[in-house]
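Please read through the structure below; I'll follow up with questions.
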Amino acid sequence: MPLGSLTRLQSLLLKSLLDLLVALAWACWNRLRASQEEHRARALEQQRSVLRLETRRVNRFPTVVAVLLSQPGMEHRVLRALGGRATLRFASTWAELQQVVAYMAPSAIVADPAADWRGDPEQHLALFSDEWRLPVILYTTLTPQIAGVLLRLGAHRISHVIFHRLDDAPHRFVDAIDWDRGGPPLLAA
């Protein structure tokens, strides 16, 4: 075999190996970053036993939305989408959400089944959607565990499912809420 074709073959193999190393490094970097985000979220969760974003009560909007979410980033997205259009009431457990719903009679519920596994999310979501006939919007991250929950909840009257970081643009939340006549109120400029 001539020396020129052997170096060409070697350079092709070397280039392929470098491409593989770059792809592997990129995958490891993404996995490390996700692991660090999860570690930070767990540390924050352990640091604060109850996560509350809303400390003031603003009743200037007729539409009330009860919210139970598992991650601060999800709460930020809901605040960005609905904060200027509805009165948001955040809860940290399913039991607390049930109290908010009983006290406030919200127009809708935005909930993440992964927010409080100990609180039996399926039972609460069935109660809200089937018995109390409230519009329930599930806002969650797509995981194998959540996929199983979504399949079981398919028999209930769940209005919408929005996936965090996949299809959680502000208009998705606005479109999911029944605003009673004429659409959502406009945001102030």
Side-chain angles (χ1 to χ4, degrees), residues 34 37-55 57 59 61-83 85-170 172-180:
E37 286 179 17
E38 183 178 329
H39 179 70
R40 271 188 248 122
R42 283 185 183 158
L44 183 64
E45 183 179 301
Q46 289 175 354
Q47 186 180 27
R48 291 186 287 174
S49 61
V50 175
L51 179 65
R52 295 200 191 275
L53 284 182
E54 185 178 29
T55 57
R57 293 190 180 253
N59 292 321
F61 299 110
T63 302
V64 176
V65 177
V67 183
L68 172 64
L69 299 171
S70 62
Q71 299 175 19
M74 296 169 78
E75 292 176 359
H76 173 74
R77 298 294 287 194
V78 171
L79 276 170
R80 188 172 141 216
L82 301 176
R85 295 179 168 96
T87 300
L88 301 176
R89 294 289 178 248
F90 288 90
S92 57
T93 64
W94 288 104
E96 190 178 315
L97 181 67
Q98 188 170 342
Q99 290 176 350
V100 168
V101 169
Y103 178 72
M104 297 297 299
S107 300
I109 297 171
V110 176
D112 181 2
D116 177 22
W117 288 113
R118 295 171 295 165
D120 196 5
E122 293 178 47
Q123 178 188 7
H124 281 89
L125 289 168
L127 172 72
F128 297 148
S129 65
D130 292 340
E131 292 182 33
W132 294 359
R133 303 276 189 211
L134 290 170
V136 174
I137 300 148
L138 296 181
Y139 179 37
T140 188
T141 51
L142 187 57
T143 64
Q145 189 175 17
I146 289 297
V149 171
L150 294 177
L151 285 173
R152 288 188 296 277
L153 289 172
H156 303 287
R157 302 178 55 216
I158 304 298
S159 302
H160 297 276
V161 178
I162 300 173
F163 292 107
H164 180 55
R165 294 186 185 161
L166 293 176
D167 68 342
D168 59 351
R172 289 278 288 136
F173 293 99
V174 173
D175 294 344
I177 304 288
D178 180 16
W179 296 99
D180 297 327

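Just so we're clear, the structure is a prediction, and the values are computed from it rather than from any experiment. Worth knowing before you read on, the calculation uses all heavy atoms, side chains too, and leaves out hydrogens, waters and symmetry mates.
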**Message:** Show, in sequence, the C-alpha distance, side-chain angles and deciding distance for Leu88 and Phe90, and conclude whether the side-chain contact (heavy atoms from CB on, under 4.5 Å) test is met.
**Reply:** CA-CA 6 Å; Leu88 301 176; Phe90 288 90; 3.9 Å; yes
**Complete:** To the nearest 0.5 Å, atom OG1 of Thr93 lies from atom NE2 of His124 at 8.0 Å
**Item:** Short side-chain to backbone donor-acceptor contact, His76 and Pro72, under 3.5 Å
**Value:** no
**Asked** CG/Leu150 to CG/Leu142 distance, rounded to the nearest 0.5 angstrom?
**Response**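 One gets 8.0 Å once the value is rounded to the nearest 0.5 Å.
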**Request:** Identify the two heavy atoms, one from Ala86 and one from Val65, that lie closest to each other, and give their separation to 0.1 Å.
**Result:** CB-CG2, 4.0 Å
**Request:** Might you point out which heavy atoms bring Pro106 and Ala66 nearest each other, and give the distance in Å?
**Result:** CB-N, 3.9 Å
**pair Asp120-Trp94: side-chain heavy atoms closer than 4.5 Å** =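 Sidechains of Trp94 and Asp120: no contact.
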**Message:** So which atom in Ser70 and which in Ala115 form the shortest heavy-atom distance, rounded to 0.1 Å?
**Reply:**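 Looks like CB-CA, 3.7 Å.
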**Message:** Between Glu122 and Val149, is there a side-chain heavy-atom distance shorter than 4.5 Å?
**Reply:**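 They are in side-chain contact.
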**Prompt:** Could you state the interatomic distance from CZ (Arg172) to CD1 (Ile177), rounded to the nearest 0.5 Å?
**Reply:** 11.5 Å
**Prompt:** Would Ile162 and Asp167 count as a side-chain contact (heavy atoms from CB on, under 4.5 Å) if you check the C-alpha gap in whole Å, the side-chain angles of each, and the deciding distance to 0.1 Å?
**Reply:** CA-CA 6 Å; Ile162 300 173; Asp167 68 342; 3.7 Å; yes
**Fill in**
CG (Asp130) and CD1 (Ile158) are apart, to the nearest 0.5 Å, by 7.5 Å
**Asked** Is the number of heavy atoms from other residues, nucleotides or ligands within 6.0 Å of CZ (Arg165) greater than 12?
**Response** no
**Minimum heavy-atom distance Val100-Arg89, with the two atoms named** = CG1-CB, 3.6 Å
**Item:** Arg133 (side chain) donor-acceptor with Ser129 (main chain) under 3.5 angstrom
**Value:** no
**Item:** Trace of the side-chain contact (heavy atoms from CB on, under 4.5 Å) decision for Thr141 with Leu166
**Value:** CA-CA 8 Å; Thr141 51; Leu166 293 176; over 6 Å; no
**Request:** Tell me, with the steps shown, if Leu153 and Leu138 meet side-chain contact (heavy atoms from CB on, under 4.5 Å).
**Result:** CA-CA 10 Å; Leu153 289 172; Leu138 296 181; 3.9 Å; yes
**Request:** Apply side-chain hydrogen bond (donor to acceptor under 3.5 Å, both in side chains) to Glu38 and list each qualifying residue two or more places apart in sequence or on a separate chain.
**Result:**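 side-chain hydrogen bond (donor to acceptor under 3.5 Å, both in side chains) list for Glu38, sorted by chain: Arg42.
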**Message:** Applying salt bridge (charged side-chain N to carboxylate O under 4.0 Å, His left out), can you list everything that pairs with Arg157, at least two apart in sequence or on another chain?
**Reply:**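 Result, salt bridge (charged side-chain N to carboxylate O under 4.0 Å, His left out) vs Arg157: none returned.
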**Prompt:** If you measure from CD on Gln71 to CZ on Arg77, what distance do you get to the nearest 0.5 Å?
**Reply:**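 These two atoms lie 12.5 Å from each other.
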**Prompt:** Which ring-ring contact (aromatic ring centres under 6.0 Å, His included) pairs, counting each pair once, include a residue from residues 145-165, with sequence neighbours left out?
**Reply:** Tyr139-His164
**Asked** Atom CG in Asp116, atom OG in Ser92: separation rounded to 0.5 Å?
**Response**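 Answer for the CG-OG pair, Asp116 versus Ser92, is 8.0 Å.
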**Complete:** Minimal heavy-atom distance between Pro113 and Pro121, with the atoms involved, is O-CG, 3.4 Å
